[in-house]
Each structure stands twice: as structure tokens, then as C-alpha cells.
Novice: 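Can you keep this structure in mind? I'll have questions shortly.
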Amino acid sequence: MGSVKKCIFVTGGVVSSLGKGIAAASLGCLLESRGLRVTLQKFDPYLNIDPGTMSPFQHGEVFVTDDGAETDLDLGHYERFTHARLTQANNVTSGRIYERILAKERRGDYLGKTVQVIPHVTNEIKASVRKIATNDVDVIIAEIGGTVGDIESLPFLEAIRQMRHELGRNNCVFVHVTLVPWIAAAGELKTKPTQHSVKELRAIGIQPDILLCRTETDLSRELREKIALFCDVDKDAVIAARDVDSVYRVPIHLAQQGVDDIVLRHFDMSDLPKRELSGWEDMLDRMRHPVDEVTIGIIGKYVDYEDSYKSLKEALLHAGLAHQLRVQLRWVEAEGITQETAHHQLSDLDGILVPGGFGIRGIDGMLEAIRYAREQEVPYFGICLGMQTMVIEYGRNVCGLESAHSTEFDPGTPVRLFFKLRELKGIEDLGGNMRLGSWPCKLEPDSLAAKAYGSPQIHERHRHRYEFNRDYEEVLTSHGMRVTGETPDAMYVEICELPGHPWYLGCQFHPEFKSKPLESHPLFSSFVGAAFRHHGTRVRNEQVREAEQFLRVRVS
């Protein structure tokens, strides 16, 4: 642990979901382009220890770090926009803060003192910031979840107020993300919500240095001056954070308004090199000008809430960028797929993907989608649950194991292709009790996976409770399936493939967590490439059928 050098604290006001996470990640991207080393941190005010036990419908995706932390989805944005490799220490909830404090109180660490929000809770929050202040970090960017005025956020806001006092004004920048709504009836933007939000901040001792104003249109000079006057912020620090068609445009949009220059002036670091964003701009140019497109069907159980698959969506987008393709996503509710409807629902897809998930709902539909992909030679990618259902489908429909299942879905199944991880036997708690984080995987030579990665061994992030039952491996492989990835000790199966199929692979890990817009993940790139080849075949076949139909009409 080093000393804290420079800190940027990102807060939000008026309403939630204004994009504080994207704002923090974009600031990190800009500062890295100036040669600084950054890390990012998310403070979540809820009392859960982490989001690992929270419903994806309520919370969205659970992002997993290399060290096995189950974290807020904003940490995925942080890693995608920067080179930061985040850990358990980079996501802190109120629940974790209070857990630490109560453990200390039970040990007697407070020597009989009354334990209070100030100083004990605020000290623990500040200690969390200092914990990530390593010697290879120049700037810490910390996002405070929730909005100003929330009761549960107050200890965090008080803690960052104290940190500015302790570190000095030139070492801390407060960035406030707020809303300037367009009122259609009045035909104008309104600044009053922003004024009230800043007033709330100032009432607790925090004066923002930069205002990121979410708005549907640009801010006029008069509006900027008005906001600057009423909020006591420099006019050039009133930034229009306009709605954009891709979150990856936000760093460029902020750079055009000189946000990084404002931060560096505040830090007395204006002599740094000019920003270098050519790679980012090239990526955006490829996004704007795709040469073609593919359609990928995601067969899931949370498709009504796409944030449940945030990293997955981004990884597919990144893979498209690697091929200069636009990836169109088709969200298909697994419960709605049957053997009779599969062709109608899936025949116009260029690739089919079954993502991770928990519970039995939708499993039968997933099995039918996988069967369709296998029989019709549509590129198929199964991730975590998607690998397990892929193996179950093959066991039932190819190997003759009609009762094949996972004990997660049928505890009494006589053919247990998947069962609870052996180290979890006797453990019933849900929180933190999975195979989590980065683990090594050895790849079989000449496999689809090995060709994609270009390496005999990889490290990927996991989040699962069930493992492949190797007692059935010989039955499956004798019927054509191939195990192409396993842990170096041969304990766990990590990857299964189907040779002879254009692209058919399932992995137990979650490759989407390591994909970036400038560094597409190898498996996703390979899958989208195969989908594009299938797209060409599908289009040609459709043209042939149309031509044949035309000729039949002419002859008749």
C-alpha cells in the first residue's frame, strides 16, 4: 500500500442511472491517454456484502474480478475503458464496511469506545480508498453509488469530504453528474434540478469542481453561465454530457470539452503529454462504418433486463469491431422455445449463444435451441450454463442418455452429467460460495479453442457451483464430443467442442469479463467470424431458394 496521491470522487444527483460509472471510466481512459496510471473504485451504499446474492432483475450483471470478487457491473466498465486490473478492494459496500467494523468491535479493537458513524464508519471508508493506493497508481477515481440526499450515501459523502481536507484541495477533484432535463411543454432545458442537487452537496461540505450535465441536447452558453453562477463552478467546468449512441463515444465527447485538462490543472499537472486517443478513434470509426452485419441470438432467462448480460453484450460488440461487423443481438426468451417452434424462431440467426444463469427456468428451451444449432450447423457458443446445457443435450439426443441432467435442476437424476462442486459439499450459504475468479486452463492442441487463443494455456474467470462429471466423459467422447480444455491437474473440465461442426464450443468460464473494445476476446472473435461465414452461406442459400421459386413460377 502506498500513499494516496491524487483522487477524483464522482457523485450523482437528481436521479439514479445518469451514467456515473461510464463517466468515471471515461475519466480513467482520458487520464491514461495522458500517461497517468489509474485505478477505479465503486462504493455501493446497500447493506449486502456484495451483489453476488442479488437478483439480476434488480441489480443487473455480477462482474467477477481475477481474485474472485463478485462486484458491481460498473467495474466491468472500468476494466473495459482502462488498463486497470481490479480486485476485491475496488468494490466496497456498506455491508462490507459494517462487517469489518463489527468484527473489530467484537475483537475489542476499539478498546471500549462507543462505535459511531463518525469517526469509525468514515475512517473505514477512507481506509478502503488508501488500500488501493499502491505505488503503481497515480490517480484513484472513486464513484459513490446512489444519489445525493440518499440517507445510506451520507457516510460515504462525509468520508470523501474529510479526505479532501486531509489530502489538500489540489489533490482531490469532485465531479458531480447531474441532470438538465428537457421539458417538452416549455420547449427548454431546466437547470433547477441541478441547482438543488449541488445545494444538497454544498450543505454537507462538498463543493463540486466539475459538473457533468446529462442532457438530450447541447448546453447553450447562457445555460452554462447560469449553472456556473448558481452552483459556484467555473464556466468551462460545466460539461454537457449529451446522450450518445455508444458509451465508447463518451471519452471523446468529454475530451472535446477539455475535461482532462480541467482535472490536470486542478492537480497542478498541466505539463503532461497531450492526450493520445488514436486507437480509440479508430475503434469508433470501425463502429460507424461496418462492412456488413451478423445476427446473434442470445437464448437466456433474463432477456427482459439486458443489464443482466452487460459484459456479454459488450464482448459481442468488441468481436464485431475486430471483424468490422455490426453485431445485431436478438434476445430470445428461453421459456418460449419448443422443438416445434425452434426453426421459426431461430432460422434467421447467424449464431446462437446460451449464456450463464442459475435455476431450472428456461432449461428445456435452451436444450431445444442447442439441438437446433447442432443439427442445422449454426455456430454455437455456450458459456457456463450454456456449456452445461450443451453437454446435457448431447448426452440425451446423441449418446442415448435420456435421463441426463444436472443435479442443480434434478437432484434425483440417475445420469448426473453435472453435480455440485466437490469442495462445496455441505455448504448451503449462497454468498461467495462458488468457484470464483481466475483459474488456469490447459488447451488440447489443434482444438478450436487453442487456435483461437494461440496459446496452450490460458487463465479465465469463473462463477459457477456445478462441475462436469468425468465418469461420463468416455461415453460423450466416444460419440464425437471432445474435451479440449481442463485444469492443469485434470480435475475440472473447462471446454467442450464438437469436431466437424462449423463452430460449436462450450466453456465453463466467463470469457466476456476480459473482453475490451480495443482487445476483443479470442473466443468471441472466433465465434463472430464463424457466424459471419454462416451468414454468407445462409444468404446464398436464401438467394438460391428464391431463384428456384421464381423459376417454378415462370414454368408454371
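Along the sequence shown, residues are numbered consecutively beginning with 1. Being a predicted model, the structure only gives us computed values, none of them experimental.
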Novice: Pro511 versus Phe509: any side-chain heavy-atom pair under 4.5 Å?
Specialist: yes
Novice: Flag the pair Leu367 / Arg396 as yes when at least one side-chain heavy-atom distance between them is below 4.5 Å, and no otherwise.
Specialist: yes
Novice: Begin from the C-alpha positions of Leu312 and Leu353 and carry the test side-chain contact (heavy atoms from CB on, under 4.5 Å) through to its verdict.
Specialist: CA-CA 10 Å; Leu312 184 66; Leu353 189 152; 3.8 Å; yes
Novice: Would you sort out whether Arg100 and Ile97 count as a side-chain contact (heavy atoms from CB on, under 4.5 Å), showing the intermediate values?
Specialist: CA-CA 5 Å; Arg100 293 172 187 165; Ile97 292 292; 4.1 Å; yes
Novice: Work out which heavy atom in Ser520 is nearest to a heavy atom in Ser515; give both atom names and the distance.
Specialist: CA-OG, 3.9 Å
Novice: Would you name the heavy atoms of Thr82 and Cys29 that are closest together and state the gap between them?
Specialist: CG2-N, 3.7 Å
Novice: Using a 4.5 Å cut-off on heavy atoms from C-beta on, say whether the side chain of Ile363 contacts that of His405.
Specialist: yes
Novice: Quick check: closest heavy atoms across Leu40 and Leu86, and the distance to 0.1 Å?
Specialist: O-CD2, 3.8 Å
Novice: Main chain of Leu523, side chain of Ser526: is a donor-acceptor contact present, judged purely on distance under 3.5 Å?
Specialist: no
Novice: Parallel, tilted or perpendicular for His501 and Tyr504, by the 30°/60° rule?
Specialist: tilted
Novice: Would a line drawn from the ring center of Phe524 to the ring center of Phe381 be shorter than 6.0 Å?
Specialist: yes
Novice: Taking it one step at a time, do Glu467 and Arg435 satisfy salt bridge (charged side-chain N to carboxylate O under 4.0 Å, His left out)?
Specialist: CA-CA 10 Å; Glu467 63 174 283; Arg435 187 164 179 252; over 6 Å; no
Novice: Determine whether Pro502 and Arg533 make a side-chain contact, defined as any pair of heavy atoms from C-beta on separated by less than 4.5 Å.
Specialist: no
Novice: Taking all non-hydrogen atoms of both residues into account, name the closest pair between Thr407 and Lys420 and its distance.
Specialist: OG1-N, 3.7 Å
Novice: Taking atom OG1 of Thr71 and atom CD of Gln88, what is their separation to the nearest 0.5 Å?
Specialist: 8.5 Å
Novice: Please state whether the rings of Phe468 and Phe418 are parallel, tilted or perpendicular, taking 30° and 60° as the class boundaries.
Specialist: perpendicular
Novice: Quick one: pull up CG in Asn90 and CG in Asp72 and give me the separation to the nearest 0.5 Å.
Specialist: 12.0 Å
Novice: Quick one: does any side-chain atom of Ser455 pair with a main-chain N or O of Ile458 as donor and acceptor, under 3.5 Å?
Specialist: no
Novice: Strictly distance-based, threshold 3.5 Å: is any side-chain N or O of Glu444 a donor or acceptor partner for the main-chain N or O of Gly485?
Specialist: no
Novice: Using a 3.5 Å distance criterion without hydrogens, assess whether the side chain of Gln41 forms a donor-acceptor pair with backbone atoms of Ala89.
Specialist: yes
Novice: Would you mind reporting whether Cys496 and Val483 have side-chain heavy atoms less than 4.5 Å apart?
Specialist: yes
Novice: Do the side chains of Glu314 and Leu317 get nearer than 4.5 Å, heavy atoms only?
Specialist: yes
Novice: Please check: side-chain N/O of Thr93 versus main-chain N/O of Asn48, any donor-acceptor pairing under 3.5 Å?
Specialist: yes
Novice: Atom OH of Tyr78 and atom CG of Leu73: how far apart are they, to the nearest 0.5 Å?
Specialist: 9.5 Å
Novice: If you draw a 6.0 Å radius around NE2 in His83, do more than 12 non-hydrogen atoms from other residues or ligands fall strictly inside?
Specialist: no
Novice: Under 3.5 Å, is there a donor-acceptor pair between the Glu61 and Ser311 side chains?
Specialist: yes
Novice: How long is the span from the CG atom in Asp66 to the OG1 atom in Thr87, to the nearest 0.5 Å?
Specialist: 9.5 Å
Novice: Would you call Arg326 and Gln328 a side-chain contact if the rule is heavy atoms closer than 4.5 Å?
Specialist: yes
Novice: Angle between ring planes, Tyr453 versus His521, binned at 30° and 60°: parallel, tilted or perpendicular?
Specialist: perpendicular
Novice: With a distance cut-off below 6.0 Å to the six-membered ring centre and an angular limit of 45° from the axis, does Arg80 pair with Tyr248 as a cation-pi contact?
Specialist: no
Novice: Decide if the gap between the ring center of His120 and the ring center of Tyr98 is smaller than 6.0 angstrom.
Specialist: no
Novice: Does the separation of the ring centres of Tyr492 and Trp439 fall below 6.0 angstrom?
Specialist: no
Novice: Is the side chain of Asp150 donor-acceptor paired with the backbone N or O of Glu152 at a distance under 3.5 Å, no angle test?
Specialist: no
Novice: The test is side-chain contact (heavy atoms from CB on, under 4.5 Å); show your working for Lys20 and His77 and say whether it passes.
Specialist: CA-CA 11 Å; Lys20 296 189 302 297; His77 295 311; over 6 Å; no
Novice: Grab the two heavy atoms, one from Asn91 and one from Arg96, that are nearest each other, plus how far apart they are.
Specialist: O-NE, 4.5 Å
Novice: Under the salt bridge (charged side-chain N to carboxylate O under 4.0 Å, His left out) rule, what do Lys301 and Glu335 come out as? Steps first, then yes or no, please.
Specialist: CA-CA 7 Å; Lys301 55 176 68 180; Glu335 281 188 297; over 6 Å; no
Novice: Keeping the roles fixed (side chain from Asp410, backbone from Gly412), state whether a donor-acceptor pair exists under 3.5 Å.
Specialist: yes
Novice: Under 3.5 Å, is there a donor-acceptor pair between the side chain of Ser16 and the main chain of Gly146?
Specialist: no
Novice: As a quick check of understanding, evaluate salt bridge (charged side-chain N to carboxylate O under 4.0 Å, His left out) for Glu70 and Arg463, giving each step before the final call.
Specialist: CA-CA 9 Å; Glu70 294 176 283; Arg463 186 176 184 250; 2.7 Å; yes
Novice: Find the distance between CG (Asp74) and CD (Glu143) and round it off to the nearest 0.5 Å.
Specialist: 4.5 Å
Novice: Output, in order, the C-alpha distance, side-chain angles, deciding distance and verdict of side-chain hydrogen bond (donor to acceptor under 3.5 Å, both in side chains) for Gln376 and His343.
Specialist: CA-CA 9 Å; Gln376 301 302 317; His343 179 80; 5.5 Å; no
Novice: Under the salt bridge (charged side-chain N to carboxylate O under 4.0 Å, His left out) rule, what pairs show up with a residue in residues 499-509, not counting sequence neighbours?
Specialist: none
Novice: Can you confirm whether Asp446 is buried at CG, in the sense that more than 12 heavy atoms of other residues, nucleotides or ligands lie under 6.0 Å from that atom?
Specialist: no
Novice: Show your reasoning for whether side-chain contact (heavy atoms from CB on, under 4.5 Å) applies to Val391 and Met481.
Specialist: CA-CA 9 Å; Val391 173; Met481 184 167 279; 4.1 Å; yes
Novice: Could you go through Glu497 and Lys451, starting from their C-alpha distance and side-chain angles, then the distance that decides it, and tell me whether this counts as salt bridge (charged side-chain N to carboxylate O under 4.0 Å, His left out)?
Specialist: CA-CA 13 Å; Glu497 300 178 14; Lys451 291 174 183 176; over 6 Å; no
Novice: Considering non-hydrogen atoms only, spot the tightest contact between Val62 and Pro51 and give its length.
Specialist: CG2-O, 3.4 Å
Novice: What's the separation between atom CE in Met491 and atom CD in Glu486, rounded to the nearest 0.5 Å?
Specialist: 11.5 Å
Novice: Is the Phe419 to Tyr466 ring centre distance short of 6.0 Å?
Specialist: no
Novice: side-chain hydrogen bond (donor to acceptor under 3.5 Å, both in side chains) between Tyr372 and Gln345: does it pass, once the steps are laid out?
Specialist: CA-CA 10 Å; Tyr372 178 86; Gln345 293 172 281; over 6 Å; no
Novice: Could you verify whether a donor N or O on one side chain and an acceptor N or O on the other, from Asp348 and Thr295, lie under 3.5 Å apart?
Specialist: no
Novice: Looking at side-chain heavy atoms only, is the closest gap between Leu346 and Ile299 below 4.5 Å?
Specialist: yes
Novice: How about CZ on Arg107, more than 12 heavy atoms from neighbouring residues, nucleotides or ligands closer than 6.0 Å, or not?
Specialist: yes
